[in-house]
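Per chain, numbering begins at 1; letters A, B, ... match sequence-line order.
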Protein chains: 2
Amino acid sequence: MKIAEATVARLVLYHRLLAKLHAEGQKVVSSQEMGKLLSLKASQVRKDLSYFGEIGKRGVGYHVAKLYEHLDDILSPPQKWRMGLVGVGHLGSALLGYKAFDTKKYGIEILFDNDLEKVGNEIFGIPCYHIDHACRIINENNIDVIILTVPSNAAQDCVDSIVKCNGLKGILNFSPTSIIVPEDILVYNVDISVELEKLLFYVKQIM
Amino acid sequence: MKIAEATVARLVLYHRLLAKLHAEGQKVVSSQEMGKLLSLKASQVRKDLSYFGEIGKRGVGYHVAKLYEHLDDILSPPQKWRMGLVGVGHLGSALLGYKAFDTKKYGIEILFDNDLEKVGNEIFGIPCYHIDHACRIINENNIDVIILTVPSNAAQDCVDSIVKCNGLKGILNFSPTSIIVPEDILVYNVDISVELEKLLFYVKQIM
DNA sequence: TTTTGTGAAGTTTTTCACAGCG
DNA sequence: CGCTGTGAAAAACTTCACAAAA
């Protein structure tokens with residue numbers, strides 16, 4: 001069955017919330033309580049969870065530890081994902097130090113940049129190569145996913161040089177521009193200025 | 001009329017694309033061409049633009065400069081938005097130096113942190129205050145929107161102290177946690193690990 | 001002829017409402 | 001009795017298909 005993107009996003013939120021509730025010692029949680037904590041309708045929570053089998057207990061709710069494990073399985077990788085990061089600027093560096101990344105599930109193995117000051121060194125303990133050698137390095141290191149944090153004017157060129165690698169499966173694009181890729185490569189965009197503009201658009205509406 | 005969130009997001013993409021086409025000297029563009037450049041259906045582009053009146057020319061397409069101005073108006077603020085940023089860590093600092101922010105439309109006026117090394121200083125030329133004084137400072141400086149880049153365990157406390165300010169209208173939340181706010185305050189979440197997890201979920205599916 | 005603008009159709013996603021089970 | 005699981009209904013969003021305009 002095909003699971004909708006919005007559902008997957010919420011599964012991550014449920015997973016995160018359950019880790020918190022578990023750490024706080026809570027044993028059982030209802031769809032209503034989860035909804036309240038995540039600003040979602042209880043029926044939405046139940047519908048999302050129902051796609052993966054009956055996991056709750058009627059009249060009781062969901063067992064926190066059990067549901068957490070269940071979601072962990074759904075979201076778990078076939079093996080630890082190997083990622084590379086292209087563009088070790090401010091944002092790229094911030095992501096390298098980002099605490100919320102789940103280091104059991106994936107790791108940033110390789111960096112790329114075009115700055116010769118950075119190339120050849122280790123940054124946060126991760127080797128940095130020149131972007132021109134990306135294809136060979138990505139193949140040699142079995143990189144599955146690239147995080148792209150380059151300026152928008154460099155984005156498509158970077159993409160064009162990395163999509164030729166045959167092992168690459170996905171790109172998380174932070175560059176504020178649309179990139180064009182072959183259809184066998186998945187792209188998700190994290191577009192910070194789009195999110196800010198959306199917020200400002202609706203803030204304006206309610207004034 | 002209520003404009004859907006997905007439409008607003010695409011308007012920002014159109015606006016950005018038109019700036020680029022304009023800079024490249026292109027005079028006219030069709031919905032088909034815009035769709036191709038942004039990986040969207042032509043009919044989607046036309047439908048989105050049609051919500052704001054007839055702006056294209058049948059048989060010709062859209063006049064680049066005119067459509068750009070049109071979108072500029074739609075997305076323009078009533079005045080330059082005044083923003084504050086809470087949490088001057090790696091991610092917060094990266095955003096302070098972020099090139100893609102449209103500095104004509106909004107500016108980051110004030111910073112907040114709980115690190116006494118930062119409080120009282122200017123960072124990137126912007127004064128930094130202690131988070132405990134957020135409410136007074138936000139009111140005094142007429143801050144409309146807060147960018148929240150604090151660790152997840154601090155997020156709700158920060159939110160609770162800033163939502164009491166009466167001028168605050170919206171929060172752009174980068175913390176990897178759900179925050180609960182009064183209903184008159186708009187929240188948009190930029191959840192980096194959720195986006196990465198979504199990508200990895202679908203990468204797994206196609207393997 | 002080309003390409004827009006747009007009702008209508010189609011698709012997806014969310015919400016409802018209640019049967020079913022512990 | 002309370003809360004889940006889930007068809008069915010409603011809402012939201014996208015795509016189609018074509019009339020109308022340049």
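Under the rule for a side chain to side chain donor-acceptor pair (under 3.5 Å), A:Gln205 has no partner lying at least two apart in sequence or in another chain. Looking at residues two or more places apart in sequence or on another chain, you find a side chain to side chain donor-acceptor pair (under 3.5 Å) between A:Tyr14 and A:Asp48. Judged as a side chain to side chain donor-acceptor pair (under 3.5 Å), and not counting sequence neighbours, the contacts of A:Arg136 are A:Glu140. Partners of B:Gln26 according to the side chain to side chain donor-acceptor pair (under 3.5 Å) rule, which considers only residues two or more places apart in sequence or in another chain, are B:Glu33.
Counting non-hydrogen atoms under 4.0 angstrom, B:Thr7 reaches nothing in the nucleic acid. Contacts of A:Leu49 with the nucleic acid, taken as non-hydrogen atoms under 4.0 Å apart, are absent.
First and last contacting nucleotides of DNA chain D toward chain B (any atom under 4.0 angstrom from a heavy atom, 5' to 3' order): D:dC13 to D:dA22.
Here ring pair (Phe, Tyr, Trp, His ring centres under 6.0 Å) pairs that include residues 184-204 of chain A, with residues two or more places apart or in two chains, number zero. Residue pairs meeting the side-chain hydrogen bond (donor to acceptor under 3.5 Å, both in side chains) criterion with at least one partner in residues 66-83 of chain B, sequence neighbours excluded, are B:His15-B:Asp72. For residues 100-114 of chain B, the set of pairs meeting the side-chain hydrogen bond (donor to acceptor under 3.5 Å, both in side chains) definition, not counting sequence neighbours, comprises A:Glu197-B:Lys105. The side-chain hydrogen bond (donor to acceptor under 3.5 Å, both in side chains) pairs that include a residue from residues 144-160 of chain B are B:Asp144-B:Lys169, B:Gln156-B:Asp160, where partners are two or more places apart or lie in different chains.
Whole-Å rounding puts the A:Lys2 NZ to C:dT12 P distance at 7 Å. Distance CG (A:Leu40) to P (C:dT14): 9 Å, rounded to an integer number of Å. Nucleotide C:dT13 holds its P atom 11 Å from the CG atom of A:Asp48, rounded to whole Å. Rounded to whole Å, atom C1' of C:dT12 lies 16 Å from atom CD of B:Glu5. Following rounding to the nearest Å, B:Tyr14 (OH) and C:dT4 (P) show an atom-to-atom distance of 12 Å.
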Identify all side-chain donor-acceptor contacts of residues 50-62 of chain A below 3.5 Å with residues at least two apart in sequence or on another chain.
from, atom 1, to, atom 2, distance (Å)
A:Ser50, OG, A:Lys47, O, 2.7

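Neither OP1 nor OP2 of C:dT14 sits under 4.0 Å from any side-chain N or O of A:Tyr51. Close to C:dT3, at under 4.0 Å from its OP1 or OP2, lies no side-chain N or O of B:Ser31.
Screening B:Val145, B:Ile179, B:Asn189 for a side chain to side chain contact (heavy atoms under 4.5 Å, CB included) with B:Ile171, the sole residue that qualifies is B:Ile179. The residue from A:Lys36, A:Arg46, A:Lys41 that alone fulfils the side-chain hydrogen bond (donor to acceptor under 3.5 Å, both in side chains) condition with A:Ser31 is A:Arg46.
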*asked:* At under 4.0 Å between heavy atoms, how does the protein contact nucleotides 15-22 of chain C? Give one character per nucleotide, 5' to 3', with B, S or -.
replied: BBB-BBBB
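Each end of the helix from C:dT1-D:dA22 to C:dG22-D:dC1 gets its own axis, taken as the rotation carrying the C1' atoms of four end pairs onto the next four within a five-pair window, and the two axes meet at 10° to the nearest 10 degrees.
Of the two residues contacting DNA chain C, namely A:Arg10 and B:Tyr62, the nearest-nucleotide position lying further toward the 5' end is that of B:Tyr62.
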